[in-house]
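To start, the structure itself, in structure tokens.
Letters go in sequence order (proteins before strands), and every chain restarts at 1. Everything numeric here is computed off the predicted structure, so don't read it as measured data.
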Amino acid sequence: MRNDDALPLPVLYIAARWLIGPAMTREILVDVMERIALLLELKGENPFKIRAYRTGAEVVRGHPEDIVQLARENKLEGIKGLGDALRDKLHELVTTGSLGFYDKLKVQFPESIFELFEISGLGPKKIAALYKELKVASVVDLKRVCENGEAGELSGFGAKTVEKLLESISFREKHADTFRVDDAATAVTEILEYLRELPEASRVEVAGSFRRGKETVHDLDFLVATKKPAAVMEAFVHGPFAASIIAHGETKSSIRLSNGLQCDLRAVKNEEWAFALAYFTGSKEHNIQMRSRALASGWTLNEYRLDSDSPDSSPPPGNINEERDLHRALGLDYIDPALREGMGEIEAAESGNLPALVELENLRGTFHNHTTASDGSATLEEMAEAAIELGLQYLGIADHSKASFQANGLDEDRLLAQIAEIRRLNAGYDDGFRLFAGSEVDIHKDGSLDFPDEVLAELDYVVASVHNVFTLSEGEQTARIIRAVENPNVTMLGHLTGRLLLKRDSYAVNVPAVIDACAATGTIIELNASPWRLDMDWRWWRMAQEKGVLCSINPDAHSTSGLQDLYYGVRIARKGWLSRRQVINCLPLGKVEAVLAKKRK
DNA sequence: GCCGTTTTCGGCCCGACTGTTTTCAGTCG
């Protein structure tokens, strides 16, 4: 994964802070631009000015070069979307560590007001009214005025609005201590690097649900093998990532990061490593089954060792240094962490029926990517170059269709022009790389598609997705999607459930019925690899696989860096027991075309 | 605030849905 702003060592990090002032990152620049946009919205500013800040944030987020360095050196000239005003502000922010314009703006509202934007059903106008009329400045305040009836009295607010707001608050409370995997991944990388630098730490790994590849996590569990646990604990609780210390013991410590994520560290002896790593990786259900399996051999298993259960039982095998050794001792093939959910992996490991899980390195290309033609931040050529740099053999372009107005969706004419442009670019690439012309075509409310069949037939492949009318009943929504996949031009179904992790639940849809329809029609199902979606969920992929449905791991990239999300998609595919045989984008150029074309024949 | 230009200001992304209304404002994608 590329990270232009990464500082390699804690020592350099500290030195840099002394030498060049506050540590400035791309993320901070993006955050400030986005917050300015929100504050301007609250003030009712010119919407186009607000959009300029949003665009600026996107440009900063997706710029292929080291944007922090460019801003520091005042070399932002010529970057589309950053005009004189934003260039100056970015320069000021990077060189001084603050921004006067932003500081003046943010004192007009309490810091906590930003959390109100996370409540679905609340936009800038309603937030401004709540703040002005009722001094509502936080979600706690909002809950109070919804419950005591004050909110319902406001102009524009009624019983239904208040009811929906309370629902949103409750959804948010339910997920308050949960984090998306991408938010956790940054911390994992930083903390692993830091711990591995410690001379006292001989082995370091992240365990828990993160290691199992879950789509969200409650906390992060780290494990270290060491002869000097106290020194490791001391270094951990005082690491640069630790915002506060929750607990600091001899072999176990907990800290909280600035984003609220709790991180636990356990220290064990070298000879305990395999048992501890297996135990803290879990899941609970998996561990219970492993322990009962050990008992069946007359052994007890815990996080430190394998022991004889009674004087009569045979001694457990020694020399267990890796999880692999432990699994073998229990008569099992090695079980990848992704599969350890207590969902049949132990039986499969016993009978030699575990799948050879797909790996990131197996991917040869990917579909469902956006460009500047719709709502992406990179051009066709830039996306192609980024794919080539990643070592991919092909890249499928699937920009939005015209019904997605908000995303600048393409109409027939623009789509046909894009197809021609892709064909022209392909003539310039050598035989080792190719762009595929596709479309992420909107599925209308009635299940019809946003382009007529003769236009869809011009494309190499079609991704069909639902982007609106989420409120249909389960029966209606299911019928709508099934009608779309029954179209022979629809190669694959995009983000099946429409969920946004920790933000919005899936719309009502009968997933097994859709899987059946995809199996019957030969339609591929997308595994949308965006860490916001990871949709279709890993829990459904075994069913899909058993019915012969193929998978395409798609990043839904809106920038060149968005292609990196393939990493998250592969994690979920592995959790879904998928091997490279079920993932069409593991096929090389020359073979994948036949799979894309199959349904139309 | 950005862009493009017939160079210095006008245009910039539209439609569905919901709820509160009685003709529309706000939110969302």
Side-chain angles (χ1 to χ4, degrees), chain A residues 32-34 36-60 76-90 99 101-102 105 116-130 132 146 151-168 370 372-377 399-411 414 440-446 448 450 465-473 476-477 480 494-495 497-500 503-507 530 532-533 556 558:
Chain A
V32 170
M33 294 295 121
E34 285 179 344
I36 288 174
L38 290 177
L39 291 167
L40 294 176
E41 273 187 328
L42 284 179
K43 287 171 62 86
E45 261 280 6
N46 174 0
F48 297 107
K49 186 183 201 171
I50 293 160
R51 187 195 298 163
Y53 279 95
R54 291 245 157 78
T55 309
E58 277 314 304
V59 169
V60 170
L76 295 170
E77 187 99 38
I79 300 177
K80 198 166 145 64
L82 301 180
D84 294 340
L86 262 63
R87 280 200 297 271
D88 286 349
K89 288 187 171 74
L90 289 169
L99 178 58
F101 176 74
Y102 175 52
L105 207 50
L116 292 175
F117 285 94
E118 293 164 21
I119 301 294
S120 121
L122 272 192
K125 296 287 166 56
K126 283 199 159 77
I127 293 174
L130 284 162
K132 186 157 176 268
C146 282
E153 302 287 309
L154 287 182
S155 151
F157 289 66
K160 271 288 188 76
T161 305
V162 170
E163 187 188 324
K164 287 207 157 184
L165 289 177
L166 283 170
E167 265 173 37
S168 297
H370 298 268
T372 46
S374 63
D375 59 350
S377 66
D399 272 312
H400 287 284
S401 64
K402 58 185 186 300
S404 281
F405 294 105
Q406 83 289 348
N408 191 25
L410 282 65
D411 59 20
R414 290 177 62 213
E440 183 184 19
V441 66
D442 267 62
I443 302 175
H444 293 155
K445 185 178 178 179
D446 65 356
S448 64
D450 202 25
S465 302
V466 166
H467 285 120
N468 58 13
V469 201
F470 299 152
T471 50
L472 296 181
S473 70
E476 291 168 321
Q477 194 71 272
R480 168 194 193 183
H495 45 71
T497 76
R499 73 176 180 186
L500 293 178
K503 192 170 179 201
R504 184 181 72 205
D505 278 333
S506 158
Y507 36 72
S530 162
W532 282 92
R533 296 186 181 274
D556 201 352
H558 286 72

Specify the separation, in whole Å, of atom [atom1] of [X] and atom [atom2] of [N].
X	N	atom1	atom2	answer
Leu122(A)	dG19(B)	CG	C1'	14 Å
Lys402(A)	dA16(B)	NZ	C1'	16 Å
Ile119(A)	dC28(B)	CD1	C1'	16 Å
Leu472(A)	dT18(B)	CG	P	9 Å

Q. With no hydrogens and no angle check, is any side-chain donor or acceptor of Asp399(A) less than 3.5 Å from a backbone partner on Gly409(A)?
A.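 No, the answer is negative, given that no donor and acceptor are paired below the 3.5 Å cut-off.
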Q: Verify, without hydrogens or angle tests, whether His444(A) (side chain) and Asp442(A) (backbone) share a donor-acceptor contact under 3.5 angstrom.
A: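 Side chain of His444(A) to backbone of Asp442(A): no pair is present.
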[X] side chain, from C-beta outward: closest of [options]:
X	options	value
Ser120(A)	dG19(B), dG1(B), dC28(B)	dC28(B)
Leu86(A)	dG1(B), dT27(B), dG19(B)	dG1(B)
Phe470(A)	dT27(B), dG29(B), dG1(B)	dG29(B)
Lys160(A)	dG1(B), dT27(B), dT20(B)	dT20(B)
Phe101(A)	dG1(B), dC13(B), dA16(B)	dG1(B)
Phe405(A)	dG15(B), dC2(B), dC12(B)	dG15(B)
Lys164(A)	dG19(B), dG26(B), dG4(B)	dG19(B)

Rounded distance in Å between the [atom1] positions of [N] and [M]:
N	M	atom1	value
dT20(B)	dA25(B)	P	16 Å
dT21(B)	dG15(B)	P	26 Å
dG1(B)	dT8(B)	C1'	15 Å
dC13(B)	dT6(B)	C1'	25 Å
dA16(B)	dG11(B)	P	25 Å

Q | Side-chain donor/acceptor of Asp84(A) to base of dG1(B), under 3.5 Å | A |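 For Asp84(A), whose side chain was compared with the base of dG1(B), there is no donor-acceptor pair (under 3.5 Å).
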Q. For dC12(B), does OP1 or OP2 lie under 4.0 Å from any side-chain N or O of Arg51(A)?
A. no
Q) Would you call Arg414(A) and Asp411(A) a salt bridge, using N to O less than 4.0 angstrom? A)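 No, Arg414(A) and Asp411(A) are not salt-bridged.
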(Q) Taking the nucleotide of DNA chain B with the nearest heavy atom to each, does Phe157(A) or Ser404(A) sit closer to the 5' end? (A)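 Comparing both residues, the 5'-ward one is Phe157(A).
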Q.
On DNA chain B, compare the nucleotides closest to Lys445(A) and Thr161(A); which residue's is nearer the 5' end?
A. Lys445(A)
Q) Can a cation-pi geometry be assigned to Lys126(A) and Phe157(A), taking NZ or CZ under 6.0 Å from the six-membered ring centre and within 45° of the ring axis? A)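 Yes; both conditions hold, so Lys126(A) lies above the ring face of Phe157(A).
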Q. Mind checking whether Leu99(A) and Ile36(A) have side chains closer than 4.5 Å, heavy atoms only?
A. yes
Q.
Check for me: is Phe48(A) stacked on dC12(B) by the 5.5 Å centroid and 30° plane-angle rule?
A.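 Yes, aromatic ring over the base.
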Q: Determine which nucleotide pairs with dT18(B), using a 3.5 Å limit on both distances of a Watson-Crick or G-U wobble pair.
A: dA25(B)
